[in-house]
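Read the structure below first, then the notes.
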There are 2 protein chains.
Amino acid sequence: MIQNLEILKALSDMNRLRIVTALGHYEELCACQITELLQVTGATVSRHLGILQHAGVLKSRKEGRWIYYRLAPPADADALFQWLQESIGASDELKADRKALEKIAGIGREDLCRMQRGEDCCPK
Amino acid sequence: MIQNLEILKALSDMNRLRIVTALGHYEELCACQITELLQVTGATVSRHLGILQHAGVLKSRKEGRWIYYRLAPPADADALFQWLQESIGASDELKADRKALEKIAGIGREDLCRMQRGEDCCPK
DNA sequence: TATATATTTAGACGTTTAGCTAAATAAGAA
DNA sequence: TTCTTATTTAGCTAAACGTCTAAATATATA
């Protein structure tokens, strides 16, 4: 498949757009943070991240148990991603994500993951 | 659905990319010309054109029995389409389309449609 | 009017995709 | 080592998608 077509396909899903937009604001996020943002299963997030990574949109970095993802689109798709970042944030759903992310980023990895497995320990 | 997501979805199909690329070169084309280019059923072409039109990427103009389509992306997607036109033509499949289109555009509507219904009348 | 024809719509069919649950993997902690 | 846990993989289901054929629509021509 054409590389650019694969990128377009990778971007034409709301949850994946949300991931890309989030990473446009946060430099890098771990899978558990994205899981918390999207409110879907970890497995589903993993699948979406895999699709984005395979399309060459994301790169990952492993650190202990956590895997961090960051945007890394190919140079010749720069114009596309610039358009994305500028125009896509306008939607209400993505504005809400922005707020949710602030909270998620503020919690810290360990507490976030504890929360996710239901220990209900941490900041509400 | 977010407008920009709908545009991305509309563009994430090879045949629709071929249509958009063709219209990037030819100003306007009728459905039968696009049918000849893609080599799929008229019904299928009609569906693809409908999806692109619904996403706001194309506009149509009726002239007698023929319907002509042309690119008409919304202003705030300009950057996206500029990227598309610049970067997407590099693929081999789309270069072949370019050649096929020259032939198709050279035939003329009436002869082309006669050809399509198998009368086998016209330039080979 | 009746016939021909370019396009669209409707319905069927096979493939792809997004989501889930459960099991597997990989890596720290006890 | 054994246990815990973050992530991925496998297998499933339901919905979405691309394509086809056949019928319907709209327009021109005889």
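Owing to the predicted nature of the structure, the values given are computational and were not obtained by experimental measurement. Every chain is numbered from 1, with letters handed out A, B, ... down the list of sequences.
Rounded to a whole Å, the NZ atom of A/Lys9 is 12 Å from the P atom of D/dC17. For A/Arg18 and C/dA18, the CZ to P distance is 15 Å, given to the nearest whole Å. As rounded to whole Å, 14 Å separates atom P of C/dT8 from atom CH2 of B/Trp66. If you measure from atom CG of A/Leu8 to atom C1' of D/dC17, you get 17 Å, rounded to the nearest angstrom. A straight line from CD of A/Glu63 to C1' of D/dT7 spans 15 Å, rounded to a whole angstrom. In this structure, the CE atom of A/Met14 is 18 Å from the C1' atom of C/dT17, given to the nearest Å. Atoms CD (B/Gln33) and P (C/dT5) sit 18 Å apart, rounded to a whole Å. We find that CG of B/Asp13 is positioned 17 Å from P of D/dA16, with the value rounded to whole Å.
Inter-residue side-chain proximity for B/Phe81 and B/Val20 is flagged as met; some heavy-atom pair is nearer than 4.5 Å. With a 4.5 Å cut-off on side-chain heavy atoms, B/Met14 and B/Leu94 count as touching.
Close to C/dT17, at under 4.0 Å from its OP1 or OP2, lies no side-chain N or O of A/His48. For the OP1/OP2 pair of C/dA26 and a distance below 4.0 Å, the side-chain nitrogens and oxygens of A/Lys62 include no atom meeting the criterion. Look at B/Thr41 and you'll find a side-chain N or O under 4.0 angstrom from OP1 or OP2 of D/dC20. Here A/Tyr69 reaches the OP1 or OP2 of D/dT8: one of its side-chain N or O atoms lies under 4.0 Å away.
Considering only the side chain of B/Ser46, C/dT8 comes nearest among C/dT8, D/dT8, C/dA29. Taking only side-chain atoms of B/Arg47, from C-beta outward, the nucleotide of D/dT7, C/dT21, D/dG18 with the closest atom is D/dG18. Comparing C/dA6, D/dG18, C/dA10 by their nearest atom to the side chain of B/Arg65 picks out C/dA6. With D/dT7, C/dA18, C/dA6 as the choices, the nucleotide that has an atom nearest any side-chain atom of A/Cys32 turns out to be D/dT7. Distances from the side chain of A/Val40 to the nucleotides C/dA6, C/dC20, D/dT7 place C/dC20 closest. When the nucleotides C/dG19, D/dG18, C/dT7 are ranked by their closest atom to the side chain of A/Thr44, C/dG19 comes out on top. Nearest to the side-chain atoms of A/Ile67 among the listed nucleotides C/dA6, D/dT21, D/dT7 stands D/dT7. Here the nucleotide nearest the side chain of A/Asn15, chosen from D/dA6, C/dT21, C/dG19, is C/dG19.
With hydrogens and angles left out, the side-chain atoms of B/Ser60 and B/Gln53 include a donor and acceptor closer than 3.5 Å.
Backbone-only engagement by A/Gly64 is indicated by non-hydrogen atom pairs under 4.0 Å involving sugar-phosphate atoms exclusively. Here A/Ile51 lies in heavy-atom contact (under 4.0 Å) with sugar-phosphate atoms only.
When each of A/Leu23, A/Leu80, A/Leu71 is paired with A/Gln85, the side chain to side chain contact (heavy atoms under 4.5 Å, CB included) condition holds for A/Leu71 and for no other.
With salt bridges taken as basic N to acidic carboxylate O contacts below 4.0 Å, one links A/Arg61 and A/Glu28. Using a cutoff of 4.0 Å between basic side-chain nitrogens and carboxylate oxygens, B/Glu93 and B/Lys95 are not scored as salt-bridged.
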